[in-house]
Amino acid sequence: MPELPEVETTIRGLNKKVLGRTFVDVWSGWYKFPQKELKGKKILNVWRRAKNIIFDLSEGYSLLIHQKMTGHLLVGKWKNQNGKWVPAEKGPLNDPYNRFIHLVLFLDNGQILALSDARKFAKVELWKTNELKKEFEKLGPEPLEKGFTFAKLKQRLAGKKGKVKQVIMDQAVIAGVGNIYASEALWEAKIHPEKPVLKLTEQELENLYKAIKKVLELGIKLGGESFSDYRKFDGTKGDFDSERKVYRREGQKCKRCGTKIKRLVVGQRSAFYCPFCQKLK
DNA sequence: AATCGTTCCTGATAGC
DNA sequence: TGCTATCAGGAACGAT
């Protein structure tokens with residue numbers, strides 16, 4: 001499930017791989033955006049805002065891709081076999097999670113930029129660059145940028161009535177935190193996922209601030225998680241999986257105290273936590 | 001205005 | 001073995 005660290009890993013890789021390339025053709029069996037418009041446009045920059053991947057293109061356009069849960073971008077060579085796209089060579093692109101190709105962008109160097117997305121939830125849109133920048137103003141601050149101070153976090157959380165896990169996953173409050181890193185950050189900060197934001201102490205807020213930055217930075221350093229669908233642009237896995245403290249570790253021992261990790265549903269989403277380290281009261 | 005529930009989709013998994 | 005039912009989940013959207 002691509003969150004800030006996975007998206008950051010992707011754009012860093014893509015900037016090395018596809019910068020300066022021009023789209024020569026487009027194929028999709030699913031997407032409806034004006035694909036012909038992409039032809040002839042050059043990739044000037046690849047960047048990220050929250051979990052959105054943005055390709056700034058020539059002529060004032062930007063291609064927006066949100067991978068949602070199971071989408072990820074891959075670069076390499078494929079061939080079309082009876083309507084299905086399969087890697088042209090042996091290697092990590094043959095990983096089973098890379099086989100759901102619903103969008104193919106042909107580059108002018110013979111390589112292909114492809115979107116693999118098992119659940120077809122990913123969003124692909126063509127925007128005017130200036131309009132997209134306005135759209136992004138609705139999002140919360142980037143937690144790894146300098147402007148995200150402790151005071152800023154407190155300001156963003158002020159007056160929020162919900163449970164802490166739900167609130168920090170709200171992209172309008174803080175950009176880029178999703179289900180995995182929310183659970184991980186709350187474990188790190190020793191805060192119960194259902195604790196109301198209003199009841200967080202000054203110390204807990206400070207711990208949360210540090211924890212969010214810590215888990216996201218570690219995620220980026222390790223190239224993201226790959227226990228499910230996400231893969232890096234070359235098809236290989238990220239290395240965050242072994243660093244997971246709670247996410248999808250229900251029934252396993254807490255790495256801090258040995259208590260069995262529990263799962264509960266908070267706002268229709270799984271939350272994993274240690275019942276000893278993260279008490280509600 | 002803010003918050004809550006529903007919806008999109010299909011591979012993986014569990015159950016019979 | 002093979003079929004069917006259930007689950008996962010980001011964020012847009014509608015409802016309250």
Side-chain angles (χ1 to χ4, degrees), chain A residues 1-8 10 28-33 48-54 64-73 83-86 94-103 115-125 127 131-132 134-140 142-143 155-186 193-199 212 216 219 224-231 241 244 246-251 261-273:
Chain A
M1 179 172 23
E3 301 181 23
L4 189 153
E6 289 73 32
V7 180
E8 182 67 26
T10 296
S28 179
W30 177 250
Y31 292 103
K32 302 279 190 279
F33 73 98
R48 175 188 70 72
R49 178 72 171 97
K51 303 171 198 168
N52 298 282
I53 295 170
I54 306 101
L64 171 73
I65 298 182
H66 193 305
Q67 308 173 103
K68 297 288 179 80
M69 285 108 49
T70 56
H72 53 281
L73 289 167
K84 286 216 164 191
W85 291 90
V86 295
N94 292 280
D95 182 306
Y97 281 109
N98 297 334
R99 74 186 193 276
F100 312 102
I101 306 294
H102 299 303
L103 176 69
L115 174 65
S116 177
D117 183 17
R119 305 272 154 83
K120 290 183 172 172
F121 271 26
K123 180 171 84 173
V124 181
E125 293 169 346
W127 285 74
E131 288 172 12
L132 185 57
K134 261 183 226 162
E135 186 73 10
F136 286 158
E137 287 171 13
K138 297 172 185 169
L139 293 167
E142 286 292 332
Q155 179 209 321
R156 301 302 299 173
L157 297 182
K160 292 279 182 283
K161 285 173 184 158
K163 297 166 180 175
V164 62
K165 177 162 180 289
Q166 285 178 275
V167 173
I168 62 172
M169 285 172 63
D170 183 340
Q171 301 303 295
V173 175
I174 309 169
V177 178
N179 215 27
I180 299 166
Y181 294 92
S183 274
E184 293 298 315
L186 290 169
E194 288 189 301
K195 184 144 188 176
V197 167
L198 284 166
K199 292 196 172 176
I212 289 171
L216 293 176
E225 58 75 18
S226 287
F227 48 81
S228 182
D229 300 61
Y230 177 75
R231 296 293 181 272
D241 299 16
R244 253 181 311 149
V246 285
Y247 190 79
R248 284 202 188 178
R249 291 193 70 245
E250 186 180 14
I261 299 301
K262 282 195 171 180
R263 171 184 181 270
L264 53 81
V265 176
V266 184
Q268 285 111 303
R269 276 159 240 268
S270 300
F272 298 88
Y273 70 108

Is [X] close enough to [N] that one of its side-chain N or O atoms is under 4.0 Å from OP1 or OP2 there?
X      : N      : value
A:R248 : C:dC7  : no
A:K123 : C:dG10 : no
A:K51  : C:dG10 : no
A:H66  : C:dA11 : yes

Whole-Å distance separating the [atom1] atom of [X] from the [atom2] atom of [N]:
X      : N      : atom1 : atom2 : result
A:Q67  : C:dG10 : CD    : C1'   : 12 Å
A:E3   : C:dG9  : CD    : P     : 10 Å
A:Y97  : B:dA12 : OH    : C1'   : 7 Å
A:I168 : C:dG10 : CD1   : C1'   : 15 Å
A:M1   : B:dA12 : CE    : C1'   : 15 Å
A:Q166 : C:dA11 : CD    : C1'   : 14 Å
A:K120 : B:dA12 : NZ    : P     : 15 Å
A:D170 : B:dG5  : CG    : C1'   : 15 Å

Which is true for [X] with a 4.0 Å heavy-atom rule: it touches a base, it touches only sugar-phosphate, or it touches nothing?
X      : value
A:Q171 : sugar-phosphate
A:R99  : sugar-phosphate
A:D229 : nothing
A:S270 : sugar-phosphate
A:Y247 : sugar-phosphate

End-to-end axis angle, where each axis spans five pairs of the helix from B:dA2-C:dT16 to B:dC16-C:dG2, to 10°:
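Its terminal axes enclose an angle near 50°.
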Closest approach to the side chain of [X], judged atom by atom: which nucleotide of [options] is it?
X      : options               : result
A:K161 : B:dT6, B:dT3, C:dG10  : B:dT3
A:W30  : B:dC4, B:dT6, B:dC9   : B:dC9
A:R119 : C:dG10, B:dT10, B:dC4 : B:dT10
A:M169 : B:dT10, C:dA8, C:dG10 : C:dG10

Closest-nucleotide ordering on DNA chain B, the 5'-leading residue of A:K160 and A:Q268
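Final value for this comparison: A:K160.
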How are the rings of A:Y247 and A:F272 set relative to one another: parallel (under 30°), tilted (30 to 60°) or perpendicular (over 60°)?
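Rings of A:Y247 and A:F272: perpendicular, as their planes differ by over 60°.
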Donor-acceptor pair, distance only, cut-off 3.5 Å: does the side chain of A:H102 make one with the backbone of A:K120?
no
What's the separation between atom CD1 in A:I174 and atom CE in A:M169, rounded to the nearest 0.5 Å?
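Result: 11.5 Å between the selected atoms.
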Identify, between A:V177 and A:R263, the residue whose nearest nucleotide on DNA chain C lies closer to the 5' end.
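Taking each residue's closest nucleotide, the earlier one in sequence belongs to A:R263.
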Would you verify whether the NZ or CZ of A:R248 falls within 45 degrees of the ring axis of A:F227 while also being under 6.0 Å from that six-membered ring's centre?
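No, A:R248 and A:F227 do not form such a contact.
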Determine the minimum heavy-atom distance between A:L157 and A:V197, stating which atoms define it.
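Smallest heavy-atom distance, with atoms named: O-CG1, 3.5 Å.
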Closest non-hydrogen atoms of A:G219 and A:P5, given as atom of the first, atom of the second and distance, are C-CB, 3.5 Å
Under 4.0 Å between a Lys/Arg side-chain N and an Asp/Glu carboxylate O for A:E3 and A:K51?
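Salt bridge between A:E3 and A:K51, a charged N being under 4.0 Å from a carboxylate O: no.
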Is a donor-acceptor pair below 3.5 Å formed from side chain A:R269 to base C:dA8, judging by atom type as modelled?
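Such a pair does not exist between side chain and base.
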So A:S270 and A:R263, side-chain hydrogen bond (donor to acceptor under 3.5 Å, both in side chains) or not? Walk me through it.
CA-CA 6 Å; A:S270 300; A:R263 171 184 181 270; 2.9 Å; yes
Should we count NZ of A:K262 as having more than 12 external heavy atoms under 6.0 Å?
no
